[in-house]
Amino acid sequence: MVPDDSTDALVDGLVRSAFQVMGVLTRIGAEHDLSLTQLRVLGILRDRRLRMSDLAAFLGLDKSTMSGLISRAERRGLLTRGTSPEDKRAVVVLITDAGRELTQRMYEEGMEALAPATDRLDPEQRQQLAQLLEPLLSPPLSATPRPERPARGTP
């Protein structure tokens with residue numbers, strides 16, 4: 001696929017907005033003694049239960065790194081492990097009430113921190129932007145590494 005000017009502008013806008021949002025999330029996470037990855041885990045699990053292996057694959061982490069992240073969150077009372085009702089051998093990760101409360105508080109802090117940007121749009125524009133982003137975000141992109149490709153402009 002050869003990108004056109006609109007694709008370049010779109011990708012540039014997505015990357016710039018991602019950097020701004022990641023900066024806000026990194027700061028909020030640090031204020032609660034959480035890394036960006038730990039914050040992502042809580043955000044992912046706030047409304048679903050996932051197998052440990054699926055969570056690791058989604059985040060692009062190996063199983064031992066994932067296990068360490070979950071263990072630290074368990075010690076803080078934010079997450080717990082359980083068995084899958086479908087497959088008793090599978091380990092699922094669940095958010096606790098304390099984890100859900102912290103996640104909600106950080107979400108509210110994020111909304112407040114992003115308000116100077118989001119308030120530049122009127123309610124109709126915000127709804128329109130949310131609708132335009134949905135096809136880009138669902139389903140989520142894979143975090144697994146892609147095979148090596150030649151640099152742009154080389155055969």
Side-chain angles (χ1 to χ4, degrees), residues 1-79 93-96 98-154:
M1 178 185 105
V2 177
D4 61 24
D5 289 344
S6 67
T7 301
D8 283 346
L10 174 61
V11 170
D12 183 62
L14 288 171
V15 169
R16 289 174 48 222
S17 65
F19 286 162
Q20 283 192 349
V21 172
M22 282 188 289
V24 167
L25 294 176
T26 299
R27 179 185 53 78
I28 291 170
E31 290 170 359
H32 295 278
D33 197 28
L34 295 169
S35 69
L36 184 57
T37 302
Q38 291 169 317
L39 191 132
R40 288 177 67 203
V41 168
L42 289 172
I44 290 166
L45 295 175
R46 76 180 179 173
D47 59 0
R48 67 185 67 94
R49 64 174 49 200
L50 287 177
R51 292 166 60 136
M52 184 90 106
S53 57
D54 293 336
L55 185 58
F58 183 77
L59 293 168
L61 301 173
D62 61 49
K63 288 180 187 177
S64 64
T65 301
M66 189 77 251
S67 185
L69 280 170
I70 300 305
S71 293
R72 286 189 292 283
E74 280 180 313
R75 285 193 295 275
R76 289 185 60 182
L78 303 174
L79 298 175
V93 185
L94 308 153
I95 194 166
T96 63
R100 192 171 283 105
E101 191 276 332
L102 177 60
T103 302
Q104 181 61 35
R105 192 166 65 237
M106 289 188 298
Y107 179 78
E108 291 166 6
E109 291 171 16
M111 285 186 61
E112 184 179 321
L114 293 169
T118 59
D119 287 350
R120 295 176 195 155
L121 303 174
D122 64 45
E124 185 178 321
Q125 289 172 315
R126 288 193 295 266
Q127 183 177 10
Q128 199 174 26
L129 180 57
Q131 289 172 342
L132 288 169
L133 287 171
E134 192 55 39
L136 297 176
L137 302 172
S138 298
L141 297 175
S142 172
T144 56
R146 294 184 323 161
E148 290 272 334
R149 289 185 4 176
R152 261 189 171 177
T154 59

> Listed by chain and number, what are the side chain to side chain contact (heavy atoms under 4.5 Å, CB included) partners of A73, not counting sequence neighbours?
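Partners of A73 by the side chain to side chain contact (heavy atoms under 4.5 Å, CB included) criterion, ordered by chain and then number, come out as L78, L79.
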> Kindly indicate whether the side chain of V41, heavy atoms from C-beta on, has any atom under 4.5 Å from the side chain of L34.
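Side chain of V41 against side chain of L34, heavy atoms only: no contact under 4.5 Å found.
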> Sequence neighbours left out, what pairs pass side-chain hydrogen bond (donor to acceptor under 3.5 Å, both in side chains) with at least one residue falling in residues 114-138?
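As it turns out, the side-chain hydrogen bond (donor to acceptor under 3.5 Å, both in side chains) pairs with a partner in residues 114-138, which skip direct neighbours, are E134-S138.
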> State which residues pass side chain to side chain contact (heavy atoms under 4.5 Å, CB included) with L10; sequence neighbours excluded, sorted by chain then number.
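L10 satisfies side chain to side chain contact (heavy atoms under 4.5 Å, CB included) with L14 only.
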> Considering residues at least two apart in sequence or located in another chain, which fulfil the salt bridge (charged side-chain N to carboxylate O under 4.0 Å, His left out) criterion with R49?
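Residues passing salt bridge (charged side-chain N to carboxylate O under 4.0 Å, His left out) with R49: none at all.
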> Which residues pass the side chain to side chain contact (heavy atoms under 4.5 Å, CB included) test with R51, not counting sequence neighbours?
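Once residues adjacent in sequence are excluded, the partners of R51 under the side chain to side chain contact (heavy atoms under 4.5 Å, CB included) criterion are S53, D54, D87, A90, V92.
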> Check side chain to side chain contact (heavy atoms under 4.5 Å, CB included) between R72 and all other residues, then give those that pass, not counting sequence neighbours.
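Counting only residues at least two positions away or on another chain, R72 forms a side chain to side chain contact (heavy atoms under 4.5 Å, CB included) with Q38, L69, R75.
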> For the atom pair CG (L42) and OG1 (T103), what is the distance rounded to the nearest 0.5 Å?
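Those atoms lie 4.0 Å apart.
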> Might you point out which heavy atoms bring G77 and A98 nearest each other, and give the distance in Å?
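That would be O-CB, 3.6 Å.
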> The criterion is side chain to side chain donor-acceptor pair (under 3.5 Å); which residues satisfy it with D62, sequence neighbours excluded?
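Residues passing side chain to side chain donor-acceptor pair (under 3.5 Å) with D62: S64, T65.
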> Using a 4.5 Å cut-off on heavy atoms from C-beta on, say whether the side chain of I44 contacts that of F58.
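Answer yes - side chains close enough.
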> With sequence neighbours excluded, tell me which residues meet side chain to side chain donor-acceptor pair (under 3.5 Å) with S71.
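Side chain to side chain donor-acceptor pair (under 3.5 Å) check on S71 returns R81.
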> Distance check, rounded to the nearest 0.5 Å: I70 atom CD1 versus M52 atom CE?
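The CE atom of M52 is 5.5 Å from CD1 of I70, to the nearest 0.5 Å.
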> Hey, what do you get for OG1 (T7) to CG (D12), rounding to the nearest 0.5 Å?
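Here the rounded value is 12.0 Å.
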> Can you give me every donor-acceptor pair (side chain of residues 25-33, partner residue at least two apart or in another chain, under 3.5 Å) with its distance?
residue: T26; atom: OG1; partner: M22; partner atom: O; Å: 2.7
residue: R27; atom: NH1; partner: E31; partner atom: OE2; Å: 2.9
residue: H32; atom: NE2; partner: E109; partner atom: OE1; Å: 3.0
residue: H32; atom: NE2; partner: E109; partner atom: OE2; Å: 3.2

> Output all residues satisfying side chain to side chain donor-acceptor pair (under 3.5 Å) with E108, sequence neighbours left out; order by chain, then residue number.
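Listed in chain order: Q104.
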> Can you give me the closest heavy-atom contact between R46 and R100, atom names plus distance?
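Looks like O-NE, 3.8 Å.
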> Rounded to the nearest 0.5 Å, how far apart are CE of M111 and CE of M106?
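M111 atom CE to M106 atom CE measures 15.0 Å (nearest 0.5 Å).
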> Please list, chain by chain and in numerical order, all residues satisfying side chain to side chain donor-acceptor pair (under 3.5 Å) with S17, sequence neighbours excluded.
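Checked S17 against side chain to side chain donor-acceptor pair (under 3.5 Å); zero matches.
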> By salt bridge (charged side-chain N to carboxylate O under 4.0 Å, His left out), which residues pair with R76, not counting sequence neighbours?
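For R76 there are no salt bridge (charged side-chain N to carboxylate O under 4.0 Å, His left out) partners, ignoring immediate neighbours.
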> Any chance CD of Q20 has more than 12 other-residue heavy atoms, nucleotides or ligands included, within less than 6.0 Å?
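Atom CD in Q20 is not crowded, with 12 or fewer foreign heavy atoms closer than 6.0 Å.
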> Would you say V93 and M66 make side-chain contact, with heavy atoms under 4.5 Å?
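Result no, sub-4.5 Å side-chain heavy-atom pair not found.
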> If I take atom CD1 from residue I95 and atom CG from residue L50, how far apart are they, to the nearest 0.5 angstrom?
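Between I95 CD1 and L50 CG, I get 11.5 Å after rounding to 0.5 Å.
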